Protein chains: 2
Amino acid sequence: MNLVEKKTMSGDLNERLTTGGFRSTPQREHVYSVLLQKRDHPTAEEVFIRTKKTMPDISMATVYNCLDALVKCGLARQVTLDRGATRFCPNMREHCHFYCDSCDTVFDVDLPEKPRPGITLPHGFKAKHYEVAIHGICPECAKKKK
Amino acid sequence: MNLVEKKTMSGDLNERLTTGGFRSTPQREHVYSVLLQKRDHPTAEEVFIRTKKTMPDISMATVYNCLDALVKCGLARQVTLDRGATRFCPNMREHCHFYCDSCDTVFDVDLPEKPRPGITLPHGFKAKHYEVAIHGICPECAKKKK
DNA sequence: TCAATACTTAGAATAATTCCAAATTATGAA
DNA sequence: TTCATAATTTGGAATTATTCTAAGTATTGA
Ligand SMILES: [Mn+2]
Ligand SMILES: [Mn+2]
Ligand SMILES: [Zn+2]
Ligand SMILES: [Zn+2]
């Protein structure tokens, strides 16, 4: 991450936090930059471990608090696949998730412009938002299996 | 549930369990009939409470075991929406879930014949199965809000 | 009939998350 | 600047959902 990226990151972060009624803190900046750095949908625990590298005294409770703040002000999404720990994703474009059953990796998959042409809801149901998870096997693992 | 339904239920259950390498037990029958009776996607805890009505000495551990066996032999599905307890669904047709944000109810929604026409996966990804959750507001709650 | 196996059960253990209350830090009005 | 107020961080306790364990029961089929 170069200086310009850092600047925009911080600027964006700062603005989003304040308009969301939060303060911008060193902890929140670090946690957010960790999310941006490696977009592999880490769990809170993984974010904690990564954040400690640059901020060794941060606590788990704070990581949960920061992630919560980031989600609330629209800078990150929570991703829940089956059981197990919630994962976090800083990609705020509309997208869905591909989960490789073989290596447990989660990939972002872009959605087409037209939202879900197929599904027709019964009368009276109003959909606010769709969540699509695709289970399967990723290219890497498909290659290995052969 | 009349006698004929009971008979078919048991027959189906029995066959599925045995072909799956499980024994048919009173506990498994009760748990399965609880799932069939009220298709509101109960949690293990809710299944436990309902099953106790006709089988007061059943334990929570057994409910977990039974649900697990039912899932393994293809008589029920696990449904995970956001955080919180896993829910169980005996509807084995391909369907997705509508979650009402207002009253927390989970509804089954049938999917069209053609599976997911919209999404195109990046090269090399092989999808095994899609999981779609729709968040929104159900007809009942929409009416109340007006 | 009896040994092997499957099943049920209570309770302990674990994992993920939330709650709590005290210490620290930031803010902004006087 | 100074001080009260509010927000944030923190360690640890509490909670929730689930899994594990080990002992007791029941079932099966040689
Ligand atoms: Mn994502
Ligand atoms: Mn269902
Ligand atoms: Zn993979
Ligand atoms: Zn509703």
Side-chain angles (χ1 to χ4, degrees), chain A residues 10 13-14 16-32 34 41-52 54-73 75-89 104 106, chain B residues 10 13-14 16-32 34 41-52 54-73 75-89 104 106:
Chain A
S10 292
L13 174 68
N14 209 301
R16 285 308 197 83
L17 283 170
T18 43
T19 59
F22 294 98
R23 287 185 192 160
S24 182
T25 68
Q27 286 86 346
R28 286 174 181 159
E29 283 182 27
H30 279 250
V31 165
Y32 187 49
V34 160
H41 301 84
T43 62
E45 175 92 41
E46 285 163 340
V47 172
F48 176 54
I49 291 162
R50 293 178 197 175
T51 308
K52 289 236 278 198
T54 53
M55 185 174 257
D57 293 337
I58 196 169
S59 73
M60 191 67 213
T62 300
V63 169
Y64 272 108
N65 288 344
C66 291
L67 289 170
D68 195 54
L70 294 174
V71 168
K72 286 210 177 104
C73 68
L75 285 164
R77 290 175 51 180
Q78 287 182 288
V79 180
T80 40
L81 299 165
D82 44 59
R83 266 255 64 70
T86 304
R87 292 153 174 272
F88 293 86
C89 171
D104 284 1
V106 178
Chain B
S10 294
L13 173 68
N14 209 302
R16 285 308 198 84
L17 282 171
T18 43
T19 59
F22 294 98
R23 287 187 192 157
S24 182
T25 68
Q27 286 86 346
R28 287 175 181 159
E29 283 181 27
H30 278 251
V31 165
Y32 187 50
V34 159
H41 301 83
T43 62
E45 175 92 41
E46 286 163 340
V47 172
F48 176 54
I49 291 163
R50 292 177 198 176
T51 308
K52 288 236 278 197
T54 52
M55 186 175 256
D57 292 338
I58 196 170
S59 73
M60 191 67 212
T62 299
V63 169
Y64 271 107
N65 288 345
C66 291
L67 289 169
D68 195 54
L70 294 173
V71 168
K72 287 210 176 103
C73 67
L75 286 162
R77 291 175 51 182
Q78 286 181 288
V79 180
T80 41
L81 300 166
D82 44 61
R83 262 271 42 79
T86 304
R87 293 154 173 272
F88 293 85
C89 170
D104 284 1
V106 178

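Per chain, numbering begins at 1; letters A, B, ... match sequence-line order. Being a predicted model, the structure only gives us computed values, none of them experimental.
A heavy-atom distance below 4.5 Å is found between the side chains of A:Ile58 and A:Lys52. Residues A:Leu13 and A:Leu70 meet the side-chain proximity criterion, which asks for heavy atoms closer than 4.5 Å. Residues B:Met60 and B:Tyr64 are in side-chain contact: their nearest non-hydrogen atoms beyond the backbone lie under 4.5 Å apart. Residues A:Phe88 and A:Arg77 have side chains not in contact (no heavy-atom distance under 4.5 Å, counting atoms from C-beta outward).
How far OG1 of A:Thr62 is from CG of A:Asp68: 12.0 Å, rounded to the nearest 0.5 Å. Residue B:Thr51 holds its OG1 atom at 12.5 Å from CD of B:Glu29, rounded to the nearest 0.5 Å. To the nearest 0.5 Å, atoms CG (A:Asn65) and CZ (A:Phe22) are separated by 10.0 Å.
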Nucleotide-resolved protein contact map, nucleotides 7-24 of chain D, B/S/- at heavy-atom distance under 4.0 Å: SSBBB-----SBB-----
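Between the two ends of the helix from C:dT1-D:dA30 to C:dA30-D:dT1, each summarised by a five-pair axis, the helix axis turns through 20° (rounded to 10 degrees).
Nearest heavy atoms, B:Glu46 versus B:Thr43: OE1-N, 2.8 Å. Listed here is the closest heavy atom pair of A:Ser59 and A:Phe48: C-CE1, 3.6 Å.
Looking at A:Thr54 and A:His30, their side chains do bring a donor and an acceptor atom within 3.5 Å of each other.
When DNA chain C is scanned 5' to 3' for any atom under 4.0 Å from a heavy atom of chain B, the first and last hits are C:dT5 to C:dT17.
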